[in-house]
Amino acid sequence: MARTLPDWLAFIERQHPSAIALGLDRVREVSLRMGLRRPAPRVVTVAGTNGKGSTVAFIEAIARAAGFRTGAYTSPHLVAYNERIRIDGDDAGDAELVAAFQAVDAARGDTSLTYFEYGTLAALWLFSRARLDLAILEVGLGGRLDAVNLVDADVSVITTVDLDHQDWLGADREAIGLEKAGVARAGRPLVLGEDDPPASVLRHAYRIGAPAIRAGSDYLVERRADGWRWREPGFEVDLPMPRLAAPVQLRNAAAAIAALRALDLEIPRQAWGEGVSDARVAGRLQRFMRDGIEVLVDVGHNPQAARALSDALRALPVAGRTHVVYAALADKDAVGVVSALAGQVDGWHLAGLEHAGARGTSVDGLADKLAGTAAASGARHATVAEAMSAALPQLRVGDRLLVFGSFHTAAEALGVLAADPGAPREAIGSSVDPGGGV
């Protein structure tokens, strides 16, 4: 029986006993059977705790403005699986994805693949047939043992390194940084989006001979009255502020520019500004208006993301109060997230994510974790939709509602807001973009 895309997604979700199974042996074996070549003449791999998806979007938008044909692989998705694979700016169609999954399944034999590994091989199969100039690949988890690391990138990017997924990547920034540094390749540039990356990252780059290109050292960002300037020795360009306008987005845009500069592509001067301005990512401090109330939706889910989100709220003030709907997965540092944001919040609404599989949790489970925090006394709701329905009538013109905590949270919020097609919306920025680490 022919499988539809929903059939395939249900099928591949059942093919491995674990949702996460790090390691390259299985996925490499299947890729060899598929005869997969490099997905494009030039490849950029983007790793990091936060900011990956936004950085991919900036690289993609600038390259397309320069006339290059791009492929972008990101994860997870918000609404439809098709979002994960873009070819020349368009999401992959159902028929394309079905053909790709068929090719993967035919080649794997009795090799067990995770959902993410199926998707990665499908993306590489589609890219290898799309006559791309540039492929941009976002790491799902970590770097060294992530399926995306199957491909030798011409330029690698590490956006940020902070605490998340410690059970898989290590207990501190140094251990996590070393895992992420595994995407670097000998003799090929490694762009570091942080001014102060972990020493483990720098040691690894030095040991394998990967030239490190560091923010705040090898390239600089300068704020200006009418925009900002990106600068390195011998080159500088004045740019408009990103449409993704949260403060942290300058860092992501700057790392994207550094990656493209390291590729030594011929990029017309105007393409830098066009790409920075055109880049879009759903669910990253995405703005809606509801009866004079600003509603922001964000996928941020770890303390570093929450600190950046707090900075964004401070930089984008409203006249009235800020209330929050917060729903998080069970394995996240909810206390750290709430602590980072508490000073910007006037009222909390907690929601459950019981539908989110093994990592989901009830609202009571979330509230128990948050005992003693500013959010502990917040109203409890079974779902994000119920929390939004309860929170919005309590607000008035000039107030703001932030809905955040995971990709599941953002997806449910966007579904609620989509039910009101007349509500104006505008993507104004992003506190984070955690990629596959929902």
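Starting from 1, each residue takes its place in the sequence as its number.
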Visitor: Are any of the side-chain nitrogens in R108 or E117 under 4.0 Å away from the carboxylate oxygens of its partner?
Guide: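 Between E117 and R108 there is no salt bridge, as every charged N stays at least 4.0 Å from the carboxylate O atoms.
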
Visitor: How far apart are the C-alpha atoms of D154 and R38, what are their side-chain angles, what is the distance that settles it, and do they pass the salt bridge (Lys or Arg N to Asp or Glu O under 4.0 Å) test?
Guide: CA-CA 11 Å; D154 298 289; R38 280 177 62 80; 2.6 Å; yes

Visitor: Donor-acceptor pair, E174 side chain versus A199 backbone, under 3.5 Å?
Guide: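 Looks like yes, one N/O pair under 3.5 Å.
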
Visitor: Quick one: CG on L329 to NE2 on H408, what's the gap to the nearest 0.5 Å?
Guide: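 Answer for the CG-NE2 pair, L329 versus H408, is 5.0 Å.
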
Visitor: Does R243 reach the side chain of Q249, with side-chain heavy atoms less than 4.5 Å apart?
Guide: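 No, side chains not in contact.
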
Visitor: First locate atom CD of Q286, then atom CG of L417, and finally report the distance between them rounded to the nearest 0.5 Å.
Guide: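 Output value for this atom pair is 8.5 Å.
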
Visitor: So do the side chains of V43 and L137 get within less than 4.5 Å of each other, counting heavy atoms only?
Guide: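 Yes, side chains in contact.
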
Visitor: Mind listing the closest non-hydrogen atom pair of T70 and A63 along with its distance?
Guide: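 Heavy atoms of T70 and A63 come nearest at CG2-CB, 3.8 Å.
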
Visitor: If you apply the rule side-chain contact (heavy atoms from CB on, under 4.5 Å), what do you find for L113 with Q15, and how did you get there?
Guide: CA-CA 6 Å; L113 297 173; Q15 297 312 300; 5.9 Å; no

Visitor: Counting distance only, does the side-chain N/O of S54 pair as donor-acceptor with the main-chain N or O of G51 below 3.5 Å?
Guide: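 Checking the backbone N and O of G51 against the side chain of S54, no donor-acceptor pair under 3.5 Å is found.
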
Visitor: Would you say the side-chain atoms of K369 pair up with the backbone N or O of A330, donor to acceptor, closer than 3.5 Å?
Guide: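 Yes.
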
Visitor: Side chain of N252, backbone of T55: donor and acceptor closer than 3.5 Å?
Guide: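 Not at all, since once roles are kept as given, no pair shorter than 3.5 Å links the two residues.
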
Visitor: Evaluate the side-chain proximity of E96 to N82: yes if any heavy-atom separation is below 4.5 Å, no if none is.
Guide: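 SC-SC contact between N82 and E96 ruled out.
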
Visitor: Counting only N and O atoms by type, is there a donor-acceptor contact under 3.5 Å from the side chain of R188 to the main-chain atoms of S156?
Guide: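 No: the side chain of R188 does not pair with the backbone of S156.
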
Visitor: Give me the one residue out of R144, R185, R28 that meets side-chain hydrogen bond (donor to acceptor under 3.5 Å, both in side chains) with N149.
Guide: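 So the option named by the test is R185.
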
Visitor: Check whether any side-chain heavy atom of K180 lies under 4.5 Å from a side-chain heavy atom of T49, and answer yes or no.
Guide: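 They are in side-chain contact.
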
Visitor: Between Y118 and F101 (side chain of the first, backbone of the second, donor and acceptor by atom type, cut-off under 3.5 Å), is there such a pair?
Guide: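 No, the answer is negative, given that no donor and acceptor are paired below the 3.5 Å cut-off.
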
Visitor: Could you check whether atom CZ of R131 has more than 12 heavy atoms from other residues, nucleotides or ligands sitting under 6.0 Å from it?
Guide: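 Open: at most 12 neighbouring heavy atoms sit under 6.0 Å from CZ of R131.
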
Visitor: Drop me the distance from E232's CD to I257's CD1, to the nearest 0.5 angstrom.
Guide: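 That separation rounds to 10.0 Å.
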
Visitor: Report the distance from atom CZ of R64 to atom CD1 of I59, rounding to the nearest 0.5 Å.
Guide: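 Answer rounded to 0.5 Å: 14.5 Å.
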
Visitor: Yes or no on side-chain contact (heavy atoms from CB on, under 4.5 Å) for L353 and V384, after CA distance, side-chain angles and deciding distance?
Guide: CA-CA 8 Å; L353 289 177; V384 172; 4.2 Å; yes

Visitor: Before you tell me yes or no, could you show the steps for N50 and N302 under side-chain hydrogen bond (donor to acceptor under 3.5 Å, both in side chains), namely the whole-Å CA-CA distance, both residues' side-chain angles and the distance that decides it to 0.1 Å?
Guide: CA-CA 9 Å; N50 293 308; N302 55 43; 3.0 Å; yes

Visitor: So that I can tick it off, tell me whether R261 and D218 are bridged by a salt bridge, with the cut-off set at under 4.0 angstrom between side-chain N and carboxylate O.
Guide: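 The answer is no: the pair does not qualify as a salt bridge.
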
Visitor: Counting distance only, does the side-chain N/O of S310 pair as donor-acceptor with the main-chain N or O of A306 below 3.5 Å?
Guide: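 Checked: no pair found.
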
Visitor: For G187 and P211, work out which heavy atoms get closest and say how close.
Guide: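 Nearest pair, atom of G187 first, then P211: C-CD, 3.9 Å.
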
Visitor: If every non-hydrogen atom of A271 is compared with every non-hydrogen atom of I267, which pair is closest and at what distance?
Guide: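 Scanning both residues, the minimum pair turns out to be CB-CG2, 3.8 Å.
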
Visitor: Which pair of non-hydrogen atoms, one from A184 and one from L190, has the smallest distance, and what is that distance?
Guide: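 Closest approach of A184 to L190, heavy atoms only: CB-CD2, 4.1 Å.
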
Visitor: Treating Q344 as the side-chain partner and L313 as the backbone partner, does any N or O pair qualify as donor plus acceptor under 3.5 Å?
Guide: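 No, because the side chain of Q344 does not come within donor-acceptor range (under 3.5 Å) of the backbone of L313.
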
Visitor: I'd like to know if the side chain of R26 reaches the main chain of S112, judged simply by a donor and an acceptor atom lying under 3.5 Å from each other, with no hydrogens or angles considered.
Guide: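 Yes, R26 side chain to S112 backbone: donor-acceptor pair under 3.5 Å.
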
Visitor: Within this structure, what is the CD1-CD1 distance for the pair I158 and I176, rounded to the nearest 0.5 Å?
Guide: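 I158 atom CD1 to I176 atom CD1 measures 12.0 Å (nearest 0.5 Å).
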
Visitor: Would you check if T74 and V281 make a side-chain contact, meaning some heavy-atom pair closer than 4.5 Å?
Guide: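 A side-chain contact under 4.5 Å is absent here.
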
Visitor: Ring of F11, cation from R3 - is the NZ or CZ under 6.0 Å from the centre and inside 45° of the axis?
Guide: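 Yes - R3 lies over the ring of F11, closer than 6.0 Å to its centre and within 45° of its axis.
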
Visitor: Do the side-chain N and O atoms of D105 and Q102 include a donor-acceptor pair separated by under 3.5 angstrom?
Guide: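 There is no such pair between these side chains.
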
Visitor: Please give me the minimum heavy-atom distance between L285 and D298, naming the atom from each residue.
Guide: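 Scanning both residues completely, I find the closest heavy atoms to be N-OD2, 2.8 Å.
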
Visitor: Parallel, tilted or perpendicular: which describes the rings of W230 and Y219, with under 30° parallel and over 60° perpendicular?
Guide: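 Parallel, since the angle between the ring planes stays under 30°.
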
Visitor: To the nearest 0.5 Å, how far apart are CD in E194 and OG1 in T160?
Guide: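 With rounding to 0.5 Å, CD (E194) is 5.0 Å from OG1 (T160).
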
Visitor: Quick one, Y115 and L9 - any side-chain contact, counting heavy atoms below 4.5 Å?
Guide: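 Yes - at least one pair of side-chain heavy atoms lies under 4.5 Å apart.
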
Visitor: Does any non-hydrogen side-chain atom of L78 lie less than 4.5 Å from one of V299?
Guide: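 Yes. Closest side-chain heavy atoms under 4.5 Å.
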
Visitor: At their closest point, which heavy atom of P39 faces which heavy atom of V151, and how far apart are they?
Guide: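 Between these two residues, the closest heavy atoms are CD-CG1, 4.0 Å.
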
Visitor: Any side-chain donor paired with an acceptor under 3.5 Å for E29 and T111?
Guide: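 E29 vs T111: no donor-acceptor pair found between side chains.
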
Visitor: Would L341 and W348 count as a side-chain contact (heavy atoms from CB on, under 4.5 Å) if you check the C-alpha gap in whole Å, the side-chain angles of each, and the deciding distance to 0.1 Å?
Guide: CA-CA 11 Å; L341 264 174; W348 291 88; 4.3 Å; yes

Visitor: Check whether any side-chain heavy atom of H204 lies under 4.5 Å from a side-chain heavy atom of I208, and answer yes or no.
Guide: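 Yes, at least one pair of side-chain atoms sits under 4.5 Å.
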
Visitor: Between R37 and S128 (side chain of the first, backbone of the second, donor and acceptor by atom type, cut-off under 3.5 Å), is there such a pair?
Guide: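 Between the backbone of S128 and the side chain of R37 there is a qualifying donor-acceptor contact (under 3.5 Å).
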
Visitor: For D133, is there an ion pair with R69 - N to carboxylate O distance below 4.0 angstrom?
Guide: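 No, R69 and D133 are not salt-bridged.
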
Visitor: Less than 4.0 Å between a side-chain N and a carboxylate O, is that true for D264 and R42?
Guide: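 No.
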
Visitor: Output, in order, the C-alpha distance, side-chain angles, deciding distance and verdict of side-chain contact (heavy atoms from CB on, under 4.5 Å) for L124 and S31.
Guide: CA-CA 9 Å; L124 297 177; S31 75; 6.0 Å; no

